[in-house]
Amino acid sequence: QVQLVESGGGLVHPGGSLRLSCAASGFTLDYHAIGWFRQAPGKEREGVSCINSSDGSTSYADSVKGRFTISRDNAKNTVYLQMNSLNTEDTAVYYCAADPDLYCSADVGINPADFGSWGQGTQVTVSS
């Protein structure tokens with residue numbers, strides 16, 4: 001059974017940091033492109049970052065570039081999203097997603113419709 005489980009969300013003050021984890025079971029993450037997405041109340045789900053399996057290349061939305069870092073630990077079958085300098089606009093439910101056939105790039109958009117398997121999400125709240 002293919003499953004993705006996010007963890008690491010929580011409440012953080014503006015300027016703080018969090019590291020989200022996306023752990024996979026039932027399949028091997030290193031043969032998949034992995035994306036991180038977020039959805040704030042009343043807004044559409046947006047792509048935040050992605051990492052490819054073939055060359056390890058990464059992409060970021062302009063809104064998080066320079067603050068967020070995506071990485072993968074194939075031995076742990078886990079992908080991470082390190083989030084620094086958080087602000088209130090980063091408040092959302094964060095999801096990870098995987099797809100075996102995708103080469104993702106922010107140049108063409110990190111699109112939810114391109115990813116086939118999804119986790120249940122983890123809440124990130126940035127508030128003073």
Side-chain angles (χ1 to χ4, degrees):
Q1 181 180 0
V2 172
Q3 190 173 16
L4 292 168
V5 178
E6 302 95 335
S7 61
L11 174 64
V12 63
H13 293 310
S17 299
L18 283 174
R19 188 178 78 157
L20 305 183
S21 299
C22 173
S25 61
F27 68 103
T28 303
L29 271 182
D30 57 347
Y31 295 118
H32 292 67
I34 306 300
W36 280 101
F37 298 82
R38 65 187 181 186
Q39 188 165 19
K43 296 187 176 181
E44 293 186 353
R45 190 168 298 188
E46 65 168 336
V48 172
S49 181
C50 65
I51 185 167
N52 289 300
S53 61
S54 57
D55 58 7
S57 59
T58 59
S59 293
Y60 299 92
D62 287 342
S63 58
V64 305
K65 199 171 294 182
R67 300 188 298 123
F68 290 12
T69 303
I70 190 171
S71 62
R72 66 198 307 160
D73 185 335
N74 291 337
K76 294 183 178 180
N77 214 26
T78 300
V79 171
Y80 303 99
L81 185 68
Q82 178 67 43
M83 307 187 296
N84 300 328
S85 302
L86 287 162
N87 58 61
T88 56
E89 294 182 349
D90 296 316
T91 295
V93 178
Y94 283 70
Y95 301 87
C96 66
D99 195 273
D101 300 318
L102 178 68
Y103 188 86
C104 62
S105 171
D107 291 341
V108 296
I110 306 169
N111 299 308
D114 293 334
F115 290 80
S117 299
W118 289 82
Q120 83 291 346
T122 185
Q123 176 70 47
V124 171
T125 303
V126 184
S127 175
S128 56

TODO: Taking D30 for its side chain and N74 for its backbone only, find out whether a donor-acceptor pair lies under 3.5 Å.
DONE: no

TODO: For the pair V12 and D90, evaluate side chain to side chain contact (heavy atoms under 4.5 Å, CB included) and give the outcome as yes or no after the intermediate values.
DONE: CA-CA 11 Å; V12 63; D90 296 316; over 6 Å; no

Task: Closest non-hydrogen atom pair, S59 against C104 - done: OG-O, 4.1 Å

- [ ] Examine the side chains of N84 and S17 and answer whether a donor and an acceptor come within less than 3.5 Å of each other.
- [x] yes

Task: Exercise: do S54 and N52 side chains pair donor with acceptor under 3.5 Å - done: no

Open item on the list: How long is the straight-line distance from CG of L81 back to CG of L18, given to the nearest 0.5 Å?
Closed with: 10.0 Å

Task: Y31: side chain to side chain contact (heavy atoms under 4.5 Å, CB included) partners, not counting sequence neighbours - done: T28

Task: Residues clustered with W118, ILVMFWY side-chain links under 4.5 angstrom - done: F37, V93, Y95, L102, I110, F115

Task: Where at least one partner belongs to residues 40-53, residue pairs that pass salt bridge (charged side-chain N to carboxylate O under 4.0 Å, His left out), sequence neighbours excluded - done: R38-E46

Task: Short side-chain to backbone donor-acceptor contact, D99 and A33, under 3.5 Å - done: no

Task: Residue pair L11 / S127: nearest heavy atoms and the distance that separates them - done: CD1-CB, 4.1 Å

Open item on the list: To the nearest 0.5 Å, what is the distance between OG1 on T58 and CD1 on I34?
Closed with: 13.5 Å

Task: Rounded distance (nearest 0.5 Å) linking atom SG of C22 with atom CD1 of I51 - done: 11.5 Å

Task: Shortest non-hydrogen contact from P14 toward S128 - done: CD-N, 3.7 Å

Task: Atom pair OG (S53) and CZ (R72), whose distance is rounded to the nearest 0.5 Å - done: 6.0 Å

TODO: Walk me through it: do V48 and M83 pass the test side chain to side chain contact (heavy atoms under 4.5 Å, CB included)?
DONE: CA-CA 11 Å; V48 172; M83 307 187 296; over 6 Å; no

TODO: Tell me, with the steps shown, if F68 and S49 meet side chain to side chain contact (heavy atoms under 4.5 Å, CB included).
DONE: CA-CA 8 Å; F68 290 12; S49 181; 5.8 Å; no

Task: Closest approach of L20 to G9 (non-hydrogen atoms, all atoms of both residues) - done: CD2-N, 3.6 Å

Task: Interatomic spacing from CD in Q3 to CZ in F27 - rounded to 0.5 Å - done: 9.5 Å

Open item on the list: If I compare all heavy atoms of E6 with all of W36, which pair ends up nearest, and what's the gap?
Closed with: CG-CZ3, 3.9 Å

Open item on the list: For a 4.5 angstrom cut-off between non-hydrogen side-chain atoms, does D73 reach L29?
Closed with: no

Open item on the list: Could you measure the distance from the SG atom of C96 to the CD1 atom of I70? Nearest 0.5 Å is fine.
Closed with: 9.0 Å

Task: Side-chain donor-acceptor contact under 3.5 Å, Y80 with T69 - done: no

Open item on the list: Restricting to non-hydrogen atoms, name the atom on V5 and the atom on Q120 that form the minimum distance, rounded to 0.1 Å.
Closed with: CA-OE1, 3.8 Å

